[in-house]
Amino acid sequence: MYIDPTLYTGRPADPAGRIPQELACYDLLDRLGMAYTRVDHDHADTIEACHAIETVLGAPICKNLVLCNRQRTAFYLLLMEGDKPFRTKDLSKQIGSARLSFAPAEDMEKYLGVAPGSATLLALANDGEHKVQLLMDRALTGWTRIGCHPCINTSTLNLSMAEVEEKLLPALGINPTVVDLPDPREETT
C-alpha cells in the first residue's frame with residue numbers, strides 16, 4: 001500500500017480527483033475553524049493499513065462500525081480503538097438493541113453518504129435527519145487526537161479530540177452516547 005510520506009496541513013491544494021463528500025468535509029472543518037493535518041494514501045480498508053498510516057499521521061485511527069438492528073430501523077456509528085475486538089453482545093446490552101449487525105452498504109450510502117470502508121465521524125454531517133446515533137467507546141474519551149477519513153478511505157485526517165467534542169459535534173447537533181466495551185483480550189477464563 002502506498003502512503004504519501006508528506007504530512008499536509010489543511011485541505012488539498014488541487015481538488016481534482018476528490019469526491020464531493022470529501023471536499024464537503026474540508027469545507028465543514030474550515031468553516032468551524034478546526035485545524036487538521038492530512039495524509040493521502042491508497043485505499044485503507046483494514047486496521048493494519050491504518051496502523052501504517054498512523055506513523056505518518058501522528059494520531060491513532062479509530063475503528064468505525066456502522067451497525068443496525070434486525071429491522072433496520074435503528075442505526076449506529078460506533079467509534080472504538082482500532083485493535084479492540086468487537087462483540088455485538090457487549091454493545092447490545094448497553095444500548096438496548098438486540099440482534100445488531102453491520103448495516104448494509106445501501107443504508108450507509110443513504111444515511112451517511114459513504115461506501116463501506118469509508119465510514120467516519122465526519123460522515124455524520126451527511127445525516128441531516130439524525131438517523132444514525134453516534135456511539136463512542138469510553139477508551140476514546142482519553143484521546144487527545146483522533147485520525148479519521150474525510151468520507152473516503154484514501155485520505156486520513158488528524159483532528160483534535162477536544163475540537164471534535166467542542167466544535168464539530170455541537171455544530172452537527174450530535175450528543176454521542178459513551179459505551180463501555182470490554183476488551184476480550186484482557187478477560188481471563
Side-chain angles (χ1 to χ4, degrees), residues 21-22 24-25 28-29 32 34 43-47 49-50 59-143 145-153 156-157 159-187:
Q21 296 95 317
E22 178 183 6
C25 288
L28 173 62
L29 295 173
L32 295 174
M34 293 178 61
H43 285 276
D45 300 310
T46 65
I47 288 298
C50 289
I61 301 170
C62 66
K63 186 184 296 185
N64 300 274
L65 303 176
V66 182
L67 306 166
C68 64
N69 62 0
R70 183 176 55 176
Q71 299 83 4
R72 292 172 54 188
T73 56
F75 294 88
Y76 309 92
L77 174 61
L78 172 63
L79 308 184
M80 62 186 290
E81 293 176 310
D83 287 327
K84 185 185 274 189
F86 173 66
R87 297 186 306 199
T88 57
K89 70 176 185 171
D90 296 327
L91 180 61
S92 292
K93 292 176 193 175
Q94 292 182 56
I95 63 172
S97 181
R99 307 227 177 156
L100 287 176
S101 63
F102 293 103
E106 61 266 20
D107 289 329
M108 291 178 65
E109 175 63 35
K110 178 179 177 181
Y111 297 119
L112 297 174
V114 296
S118 294
T120 172
L121 170 68
L122 293 168
L124 292 169
N126 299 324
D127 182 23
E129 296 182 14
H130 299 286
K131 297 288 187 183
V132 181
Q133 181 179 354
L134 177 60
L135 307 174
M136 292 179 67
D137 187 14
R138 186 169 307 282
L140 269 63
T141 62
W143 287 14
R145 310 289 305 176
I146 186 168
C148 65
H149 300 309
C151 292
I152 187 154
N153 64 3
T156 306
L157 307 180
L159 303 173
S160 158
M161 185 62 98
E163 286 193 326
V164 166
E165 294 170 345
E166 296 165 12
K167 293 181 178 181
L168 179 64
L169 296 180
L172 299 177
I174 294 171
N175 185 20
T177 299
V178 176
V179 294
D180 289 298
L181 299 177
D183 192 333
R185 301 169 298 177
E186 297 174 358
E187 294 176 1

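One-based numbering along the sequence shown.
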Side chains of Val179 and Asp90 in contact at under 4.5 Å (non-hydrogen atoms): no
What's the verdict on side-chain contact (heavy atoms from CB on, under 4.5 Å) for Val66 and Val114, showing C-alpha distance, side-chain angles and the deciding distance? CA-CA 11 Å; Val66 182; Val114 296; 5.8 Å; no
Note, Ile61 side chain near Cys148 side chain (heavy atom, < 4.5 Å): no
When rounded to the nearest 0.5 Å, the distance separating CG of Leu65 from OG of Ser101 is 11.5 Å
I need the minimum non-hydrogen distance between Pro85 and Met80, along with the two atoms involved. O-CE, 3.7 Å
So, taking the atom named CG in Leu172 and the one named CG in Leu134, what distance separates them when rounded to the nearest 0.5 Å? 9.5 Å
Atom pair CE (Met136) and CG (Leu181), whose distance is rounded to the nearest 0.5 Å: 11.5 Å
Can Leu140 and Ile146 be said to form a side-chain contact (heavy atoms from CB on, under 4.5 Å), step by step? CA-CA 9 Å; Leu140 269 63; Ile146 186 168; 4.2 Å; yes
Value for CD (Glu166) from CG (Leu32), rounded to nearest 0.5 Å, stands at 12.5 Å
I want to check something: taking the side chain as every heavy atom from C-beta on, are Leu67 and Leu77 in contact at a cut-off of under 4.5 Å? no
Answer whether the closest heavy-atom distance between the side chains of Gln21 and Ile152 falls below 4.5 Å. no
Hey, does Asn153 have a side-chain heavy atom less than 4.5 Å from the side chain of Cys50? no
Just so I know, are the side chains of Ile47 and Lys63 near enough to count as touching, which here means a heavy-atom distance under 4.5 Å? yes
Pairs satisfying ring pair (Phe, Tyr, Trp, His ring centres under 6.0 Å), at least one member in residues 73-128, at least two apart: Phe75-Tyr111
Worked verdict on Met34 versus Val164 for side-chain contact (heavy atoms from CB on, under 4.5 Å): CA-CA 8 Å; Met34 293 178 61; Val164 166; 4.3 Å; yes
side-chain contact (heavy atoms from CB on, under 4.5 Å) between Cys151 and Asn126, worked out: CA-CA 10 Å; Cys151 292; Asn126 299 324; 3.9 Å; yes
Regarding Thr120 and His149, is there a side-chain donor-to-acceptor distance under 3.5 Å anywhere? no
Do the side chains of Pro104 and Arg72 get nearer than 4.5 Å, heavy atoms only? yes
Is Lys84 paired with Asp183 through a side-chain N to carboxylate O contact shorter than 4.0 Å? no
Taking all atoms of both residues into account, what is the closest heavy-atom pair of Arg99 and Arg70, and its distance? NH1-NH1, 2.6 Å
First locate atom OG1 of Thr141, then atom CG of Leu79, and finally report the distance between them rounded to the nearest 0.5 Å. 12.0 Å
Using the test side-chain hydrogen bond (donor to acceptor under 3.5 Å, both in side chains), find all partners of His130 that sit at least two apart in sequence or belong to another chain. none
Side chains of Leu169 and Asn175 in contact at under 4.5 Å (non-hydrogen atoms): no
Under 3.5 Å, side chain of Gln133 to main-chain N/O of Pro176, donor-acceptor pair present? no
Measuring from Ser92:OG to Arg87:CZ, what's the distance to the nearest 0.5 Å? 12.0 Å
If the threshold is 4.0 Å, N to carboxylate O, is there a salt bridge linking Glu129 and Lys110? no
If you look at every heavy atom in Glu81 and Trp143, which pair is closest and at what distance? CG-CZ2, 3.9 Å
